[in-house]
Amino acid sequence: MSDIIKLLPDNVANQIAAGEVVQRPASAVKELLENAIDAGGTRIDLIIKDAGKTLIQVVDNGCGMTETDARMCFERHATSKISTSADIFAIRTKGFRGEALASIAAIAQVELQSKTHDSDLGTSITIEGSEIKEQEVVACASGTKFTVKNLFFNVPARRNFLKSDNVELKHIVNEFERVALTHPDIHFTFHHNGNELFNLPSTSLRQRIVGAFGKRMNERLVPIEQETPVVNISGYVIKPEHAKRTRGEQFFFVNNRFIKSSYLNHAVKAAYKDLIAKDQYPTYFIYLEVAPDFIDINIHPTKTEIKFEDERTIYAILNSAIKNSLGKYNIAPSLDFEQNVTFDISLPKPGQEIKMPTISVDENYNPFNSKPASGGGGSSSSFKMPKSVSFEDEEVSANLDFLDVIKESTINVKDADIFTESETLEQNWSEEPIIETKQKFYQLHNKYILTQVRSGLLIIDQQRAHQRVLFEQFLSKIEERKIETQRLLFPQQIELNASDFVLIQDVLEEMNNVGFDIAVFGQNTIVINGLPIGVSESKAEEIIERLLEELKHSTNQTTANYQQKMAMFMANSASIKSGRKMEEEEMEHLFNELFACQSPDYSPSGKPVIIKMEEDELDQRFERRK
Ligand code: ADP
Ligand code: MG
């Protein structure tokens with residue numbers, strides 16, 4: 001048999017390699033931006049069209065290339081950054097493999113213009129599918145301009161595999177943000193289809209974060225700083241009260257390289273324990289510096305995972321550094337008049353006497369003397385509630401009917417902290433008969449609604465019940481396109497970060513179909529002109545935040561699925577909340593609406609709404625013999 005092994009031609013080898021280096025436009029953007037940084041540029045412009053599918057251009061004012069280098073740079077394993085294997089362990093540059101340009105040139109039409117600072121003329125090279133098409137001497141600015149057109153023009157399978165422009169653009173924005181966050185000293189701009197998405201002048205890290213993610217960020221950041229022999233930590237974390245319900249911005253950089261680490265993320269989350277709710281996420285921009293031999297830097301450039309020599313130590317140091325900073329910030333919080341006032345408890349005026357809640361007890365009460373209501377036949381429904389009761393007396397309690405269970409638990413407020421309620425309770429309880437023909441409703445801890453049904457006691461979670469009711473109402477209106485919009489007197493502007501801005505444009509139409517009136521309002525900003533009736537103005541931003549989070553984590557939203565989600569967000573935000581006192585009529589109304597629902601038993605997110613205690617169960621627990 002004759003020999004069959006042969007070396008692959010360069011263009012084929014490059015195309016194969018390109019599959020690993022350039023998966024999508026964002027990967028080409030990353031490589032070009034990193035090269036521009038490695039070249040020492042102080043100003044870098046990124047210009048793209050159609051989410052990078054037709055054009056990616058990166059212009060820098062860095063060192064530029066000589067004519068020979070300009071030709072060489074497209075060769076595989078051509079790099080100026082290392083020359084011996086020992087260099088690999090002391091890398092200071094972003095690239096060092098000499099693969100990127102060879103790969104990009106294998107799968108796109110690339111034009112390079114470059115000039116070093118000490119030469120008068122520069123070089124222009126056009127290369128297409130690894131083949132040099134043209135080379136000439138040109139007059140151009142010092143630095144380098146790469147123009148990448150029609151990515152994957154010769155690999156249709158890859159091209160077809162690309163996602164929608166908005167998804168691809170979002171990936172590019174992510175890469176851009178990561179690069180911009182590691183080089184605040186460099187002036188970056190970013191244009192997409194002629195619109196400026198970012199313009200970030202050279203500045204401090206804090207101002208870079210603010211420039212990229214919005215002015216509101218400034219007052220929300222807490223610096224972290226920790227130097228140890230193992231690792232130096234710096235950066236910013238968010239004040240706990242500004243934690244988001246969405247994952248939002250979470251960045252780790254190790255030796256100025258963006259990485260993902262669920263392990264370190266856990267260390268951050270743990271530092272916020274008890275400071276933020278379970279479903280909230282802290283925003284962070286954390287920079288770790290470790291000795292290069294402490295990590296495996298030779299990971300593939302497109303990978304963002306990293307291996308540390310001693311992960312556990314870093315976990316502990318990071319965790320305590322954040323706790324420390326949050327602790328300091330807590331002791332001396334900045335005056336912040338914008339803070340949410342969640343608890344509206346009026347403090348007693350100086351000198352005002354504080355009254356303890358009291359329960360009046362009728363010492364003469366004897367349950368056996370109580371007279372049945374008129375026409376009553378001894379059934380529980382004819383039982384008359386005494387004016388007031390001694391709850392200390394177990395004998396007496398045991399002889400009351402099961403509804404007294406409710407009362408006992410309600411009266412527990414005497415050792416709870418709901419001072420303001422004592423008055424109302426006393427009034428309620430000293431009132432008329434507990435059971436009449438009309439159904440009675442009691443509110444427990446401003447959270448649960450208690451009512452009697454034939455077979456026992458119903459305990460209803462007021463918030464979830466209302467969510468269920470609103471959910472079904474919103475959903476049917478959405479499906480029938482009948483939802484009405486309430487125009488806002490003062491339209492509300494919301495500034496988003498660039499990638500969220502891109503995402504939301506995808507769904508504006510759908511949102512406007514369900515009663516929102518939202519429009520794009522210039523750079524990274526949307527304006528809410530109207531909301532679906534029932535959604536309060538103060539919730540608008542939260543709904544949008546949740547929606548964005550949903551969009552980020554789900555692919556292929558169907559309209560039905562999407563409508564359900566919208567109905568759920570709207571119901572959750574518009575519903576009566578736990579902790580709100582409800583009047584009896586209101587409770588009755590909610591009760592009736594709940595039982596008119598298709599699935600009253602569960603909240604829109606699948607949690608129980610109703611708990612039923614059977615009379616039998618109560619009897620058993622009281623050890624009553626039948
Ligand atoms: P690497 O970055 O791993 O060295 P690349 O393929 O990305 O490999 O680039 C090859 C070489 O081309 C670089 O080592 C550098 O010398 C040169 N180069 C690439 N981009 C630029 C640029 N924007 N300015 C100056 N030189 C560049
Ligand atoms: Mg490179």
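Counting convention: from 1, in listed order, for ligands and their atoms alike.
- Aromatic pair Tyr315/Tyr263: centroids less than 6.0 angstrom apart.
- Remark: distances from the non-hydrogen atoms of Phe146 to ligand 1 include one below 4.0 Å.
- Put simply, the residue from Phe176, Phe501, Phe213 that forms a ring pair (Phe, Tyr, Trp, His ring centres under 6.0 Å) with Phe198 is Phe176.
- Ring pair Phe146/Phe74 is perpendicular by interplanar angle, where above 60° counts as perpendicular and below 30° as parallel.
- In this structure, Lys260 forms no cation-pi arrangement with Phe252, as its terminal cationic atom is not both closer than 6.0 Å to the ring centre and no more than 45° off the ring axis.
- Using a cut-off of 4.0 Å between Lys/Arg side-chain N and Asp/Glu carboxylate O, Asp45 and Arg43 are scored as salt-bridged.
- Contacts between Thr144 and ligand 1 below 4.0 angstrom, taking non-hydrogen atoms only, involve the side chain exclusively.
- Of all atoms in ligand 1, listed by their number and element, those nearer than 4.0 Å to a heavy atom of Ala100 are 6 (O), 7 (O).
- Nearest residue to atom 18 (N) of ligand 1 from Met72, Glu31, Met65 is Met65 (criterion: closest heavy atom).
- Contact annotation: for Ala39 versus ligand 1, heavy atoms closer than 4.0 Å belong to the side chain alone.
- The Mg ion (ligand 2) lies at 2.8 Å or more from every N, O or S atom belonging to Thr79.
- Not less than 6.0 angstrom separates the ring centroid of Tyr236 from the ring centroid of Phe285.
- When the heavy atoms of Asn35, Asp60, Thr66, Thr79 are ranked by distance to atom 4 (O) of ligand 1, first place goes to Thr79.
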